[in-house]
Amino acid sequence: MDYYSSYQAIQKNIPSNVKLIAVTKFQPVEVLEQFYKETGHTIFGENRVQECVSKIKSLPASIEWHFIGHLQTNKVDIIVPQVHMIQSGDRFKILQEINREAAKLDKKAGVLLEFHIAREESKYGLSFDQAAELLESSSFTAMNNISIRGVMGMASFVDNPVQVRNEFRSLRNIFEQLRRNYFSNDEQFSELSMGMSGDYRIAIEEGSTMVRIGTLLFSDRSVNASA
Ligand SMILES: *Cc1c(COP(=O)(O)O)cnc(C)c1O
């Protein structure tokens with residue numbers, strides 16, 4: 001029963017203006033209930049659609065959910081009504097679909113634009129040029145039910161802090177350039193979501209406003225949970 005001490009240890013490294021997203025992937029509901037009970041933490045992130053929906057159903061309504069995984073267009077209708085923010089806005093088509101579903105609910109969906117900053121090929125995300133083209137398109141301007149709140153990205157999984165720092169720095173530059181060019185009158189464009197268990201301290205040094213942490217928070221017990 002000791003999520004609290006590891007939670008506290010991590011929170012100590014996170015300045016109060018940086019939000020901690022507790023990433024719940026692979027964690028069963030019982031673990032999350034316990035974590036919530038012990039820590040009172042209320043910002044969770046999940047990257048798989050079905051898991052996300054069933055966890056939302058089972059956990060207290062006071063929890064704010066962030067969808068952080070690659071999203072297929074045919075699952076958007078399930079996610080949009082349930083979450084506070086979709087952090088994986090990685091292509092035009094998905095924004096279009098999110099906008100359509102949010103319009104049905106007469107709400108504005110909070111979305112982060114996801115950028116590909118890692119060297120690894122496998123990661124999803126936009127390039128700066130793709131994002132600029134998207135943001136300048138008339139079809140984007142017509143999306144009245146989306147609110148772009150900032151950007152998200154993942155650094156390479158490498159044991160090279162210099163490379164990781166450079167990748168975070170490139171995301172920060174993208175964030176600031178987009179803010180100048182497209183969102184100078186929009187205070188809602190304010191989030192720079194970067195940093196995970198292995199690299200969140202570097203991300204914070206490079207200006208992160210949201211760190212997404214799973215393994216570090218839950219690792220002690222995920223072994224038991226999956227046994
Ligand atoms: C899994 C995941 C995280 C958290 O990763 P950890 O290394 O477990 O902290 C953060 N962001 C995304 C998009 C993820 O898929």
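When a ligand or atom number is given, it counts from 1 through the structure's own listing order.
Here the side chain of Asn160 pairs a donor or acceptor atom with the backbone of Gln163 at under 3.5 angstrom. Between the side chain of Glu167 and the backbone N or O of Ser156 there is at least one donor-acceptor pair closer than 3.5 Å.
Not a single heavy atom of Leu216 sits under 4.0 Å from any atom of ligand 1.
Atoms of ligand 1 lying under 4.0 Å from any heavy atom of Ser197, numbered from 1 in the order shown and given with element: 6 (P), 7 (O), 8 (O), 9 (O). Taking a cut-off of under 4.0 Å to the non-hydrogen atoms of Thr215, the atoms of ligand 1 that pass are 6 (P), 7 (O), 8 (O), 9 (O).
Considering backbone and side-chain N/O of Gly214, one or more are found under 3.5 Å from N/O of ligand 1.
A donor and an acceptor atom, one from each side chain of Ser147 and Arg149, are located under 3.5 Å apart. No hydrogens or angles considered: nothing links the side chains of Thr73 and Glu97 as a donor-acceptor pair under 3.5 Å.
Both the backbone and the side chain of Ile68 come within 4.0 Å of ligand 1, judged by heavy-atom distances.
Closest to atom 10 (C) of ligand 1 by heavy atom, among Met152, Met194, Arg212, is Arg212.
Atom 1 (C) of ligand 1 has as its closest protein heavy atom Lys25 NZ, 1.4 Å.
Ion pair Arg91/Glu114 not flagged as a salt bridge, since none of the NZ, NE, NH1 or NH2 atoms sits closer than 4.0 Å to an Asp/Glu carboxylate oxygen.
Shown here for Pro81 and Asp77, the closest heavy-atom pair between the two residues is CD-O, 3.1 Å.
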